[in-house]
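Got a structure here, written out as structure tokens. Questions coming.
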Amino acid sequence: MEITTHFFFNLSLLIIVLFFSLVIARKLNYTTLPKFWALCCVIVMLIICFQLSYKPHPELHFDLRIIPIAIAGLYIGIGPSVAVCAVVLRGFYGLDEGFIMHTVLFIVFGLTTWFYYSHFWKLSASKRIYYSIIKTIIFSLITLFAIELSITVENRFDIWFAYLVIPALGVGMIAYIIEFVLQNEDIQKKVIRTEKMEAVEQMGAAISHEIRNPLTAAMGFVHLMKEPAISPKKRMEYLSIVKEELESAERVIQNYLTFSKPSLGYIEEIPVKTELLKIINILKPTANQNSVEIKTNFAILGSIEGDRQKFHQCFLNVIKNSIESMPRGGHIIIYTHYTKTHITIEVEDTGVGMSSEQIKRLGEPYYSTKGSKGTGLGMMVVFSIVKAMKGTIKVESEINQGTTFTFTFPTYNHSSKNERF
Ligand code: ADP
Ligand code: MG
């Protein structure tokens, strides 16, 4: 069984080459092997086959070169080029009778694989594997008859076993590995597509809910204001509700815009205390509706550098979440601390709190515990804005006790700003 042992050794080397070519292709981020790269791998496989061929006679080389030619021909459609490479390589080992037999057989085989290439890809994955195996067996049989005709065979069983079983086994195994890799890529693509579709669906649902609701409410009050009998006081009240509703719709749109484009716009000095007071003023009506009292304890000094509008958006989301976490009322305390290097902003509430699992999920797109009332966009936007402003976020929370968000930003440095201009 000398030839069989030889062939098994040869096959294991071919599989090692295939393994490394797949690893390198993956590292280089090739989804499918480019033809040139595949041709190089096949040539390496052919060289290994020739170098390790079994030579019962100086003019005869028994080896597994059929495997790379079958795989390259059927799977990549480069059968004729690989066959030509094999003929050239065989030429280096002598232009003898074996060379002529080899040339005829391999050119014919290369051409037939090329001819069937497009038909081959119309088959299902399992049929492709069977097809490759059957084609290899047919070719092995032709080779065996050619051998029988050209020499007096001594160890017939060994030759027949080696030629009929091992090439078919090798082609079958390699075809299976290729199909497995292709199927994996297909699944990956499908998962990405499904995730994108889900994101679009969630976004659509969130937009229609979060924007349609305030717009419908605003429209209702606009209709009410059309009434001629309405008192000026009531009209002002309705107007302020309309304004609030429109602002809420605008906030949702703003969150989506930040979600798709998180970079900062115009960078300027942000006096933390002044800006936080503006944000609290915007949210006061909502806080009052929820019986939430907002207290402040601000350091006198303190500016940070960033996009003022995004800063507003960030703290509007944080404080709004705090208000919403207290459906039966409560209070929020906002502290700021100032040091020469850092400004800390703390938002503390006495709301429902969060478990450590919930805290871990903060900032995940569409993560919300508010059912149809939530979009799960607020915290995601908060995290991206704080990151863009070189800040950090710490969250401490206890169920039914409350939550404290601590934000730290680098202090705005006048002197370094002046030096830069
Ligand atoms: P949404 O407010 O639309 O639910 P967010 O991204 O703003 O989405 O918040 C995500 C989730 O984080 C909320 O649904 C809530 O469960 C939790 N959360 C955020 N802030 C607080 C808070 N101060 N107290 C309790 N839970 C909070
Ligand atoms: Mg929110």
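Note that these values count all heavy atoms, side chains included, but never hydrogens, waters or copies made by symmetry. For ligands, and for the atoms within them, numbers begin at 1 and follow the listed sequence.
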Original post:
Is the F62 to Y163 ring centre distance short of 6.0 Å?
Top reply: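 Aromatic pair counts; centres sit under 6.0 Å.
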Original post:
Should G353 be counted as touching ligand 1, given the test is an N or O pair under 3.5 Å?
Top reply: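 Among all N and O atoms of G353, none is under 3.5 Å from an N or O of ligand 1.
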Original post:
Can you find a non-hydrogen atom of N317 under 4.0 Å from ligand 1?
Top reply: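 Under 4.0 Å: no for N317.
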**OP:** Report the part of V318 (side chain from C-beta onward, or backbone N, CA, C, O) that has a heavy atom under 4.0 Å from ligand 1; answer both or neither where that applies.
**Re:**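 It is neither; nothing of V318 touches ligand 1.
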Original post:
How close does the nearest protein non-hydrogen atom get to atom 4 (O) of ligand 1, and which residue and atom is it?
Top reply: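 Answer, as residue, atom name and distance: S368 OG, 2.5 Å.
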Original post:
Any idea which protein heavy atom is nearest atom 2 (O) of ligand 1, and the distance to it?
Top reply: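 Nearest protein contact, heavy atoms only, for atom 2 (O) of ligand 1 is K370 NZ, 2.7 Å.
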Subject >> Note, I137 side chain near P167 side chain (heavy atom, < 4.5 Å) >> reply: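 Side chain of I137 against side chain of P167, heavy atoms only: no contact under 4.5 Å found.
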Subject >> Nearest heavy-atom neighbours spanning I270 and M389 >> reply: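 Closest approach of I270 to M389, heavy atoms only: CD1-CE, 4.1 Å.
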Original post:
Quick one: nearest non-hydrogen protein atom to atom 19 (C) of ligand 1, plus distance?
Top reply: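 Result: N321 ND2, 3.5 Å.
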Original post:
Using 4.0 Å as the upper bound for N to carboxylate O, is an ion pair formed by E324 and K320?
Top reply: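 Salt bridge flag = yes for E324 with K320.
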Original post:
Are the side chains of Y54 and I159 in touch, meaning some heavy atoms are under 4.5 Å apart?
Top reply: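 In short, these two side chains do not touch, never coming nearer than 4.5 Å.
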Subject >> D349 side chain vs H331 backbone, donor-acceptor pair below 3.5 Å >> reply: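 No; zero donor-acceptor contacts below 3.5 Å.
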Subject >> Atom indices of ligand 1, in the order listed, that fall short of 4.0 Å to a heavy atom of M354 >> reply: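 Answer, ordered by atom number: 17 (C), 18 (N), 21 (C), 25 (C), 26 (N), 27 (C).
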Subject >> Nearest-neighbour protein heavy atom for atom 3 (O) of ligand 1, which is reported as residue plus atom name and distance >> reply: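 Among all protein heavy atoms, the one nearest atom 3 (O) of ligand 1 is T375 N, 2.7 Å.
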Original post:
What atoms of ligand 1 come within less than 4.0 Å of a heavy atom belonging to F405?
Top reply: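 Answer, ordered by atom number: 20 (N), 23 (N).
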Original post:
Is any N or O atom of G376, backbone or side chain, closer than 3.5 Å to an N or O atom of ligand 1?
Top reply: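 Between G376 and ligand 1 (N or O atoms, distance only) the closest approach is under 3.5 Å.
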Subject >> Whether N317 has an N, O or S atom under 2.8 Å from the Mg ion (ligand 2) >> reply: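 Checking N317: none of its N, O or S atoms is under 2.8 Å.
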**OP:** Answer whether the closest heavy-atom distance between the side chains of T296 and I333 falls below 4.5 Å.
**Re:**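 Side chain of T296 against side chain of I333, heavy atoms only: no contact under 4.5 Å found.
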Original post:
Side chains of M379 and N321: does their closest heavy-atom pair fall under 4.5 Å?
Top reply: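 M379 reaches N321 side chain to side chain.
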Original post:
Can you list the atoms of ligand 1 that are under 4.0 Å from a heavy atom of T369?
Top reply: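 Ligand 1 atoms under the 4.0 Å threshold to T369: 13 (C), 14 (O), 15 (C), 16 (O).
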Original post:
How far is atom 10 (C) of ligand 1 from its nearest protein heavy atom, and which residue and atom name does that atom have?
Top reply: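 Protein heavy atom at minimum distance: Y367 O, 3.2 Å.
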Subject >> Short N or O distance, L362 and ligand 1, threshold 3.5 Å exclusive >> reply: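 Min N/O separation from ligand 1 is not below 3.5 Å for L362.
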Original post:
Rounded to the nearest 0.5 Å, what separation is found between the OG1 atom of T4 and the CZ atom of F157?
Top reply: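 Between T4 OG1 and F157 CZ, I get 7.5 Å after rounding to 0.5 Å.
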Subject >> Protein heavy atom at shortest distance from atom 23 (N) of ligand 1 >> reply: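 For atom 23 (N) of ligand 1, the nearest protein heavy atom is D349 OD2, 2.9 Å.
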Original post:
Is it true that E185 and K189 make a salt bridge, defined as a side-chain N closer than 4.0 Å to a carboxylate O?
Top reply: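 So E185 does not pair with K189 through a salt bridge.
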Original post:
Can you tell me the protein heavy atom closest to atom 5 (P) of ligand 1 and the distance?
Top reply: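 Ranking protein heavy atoms by distance from atom 5 (P) of ligand 1, first comes M379 N, 3.6 Å.
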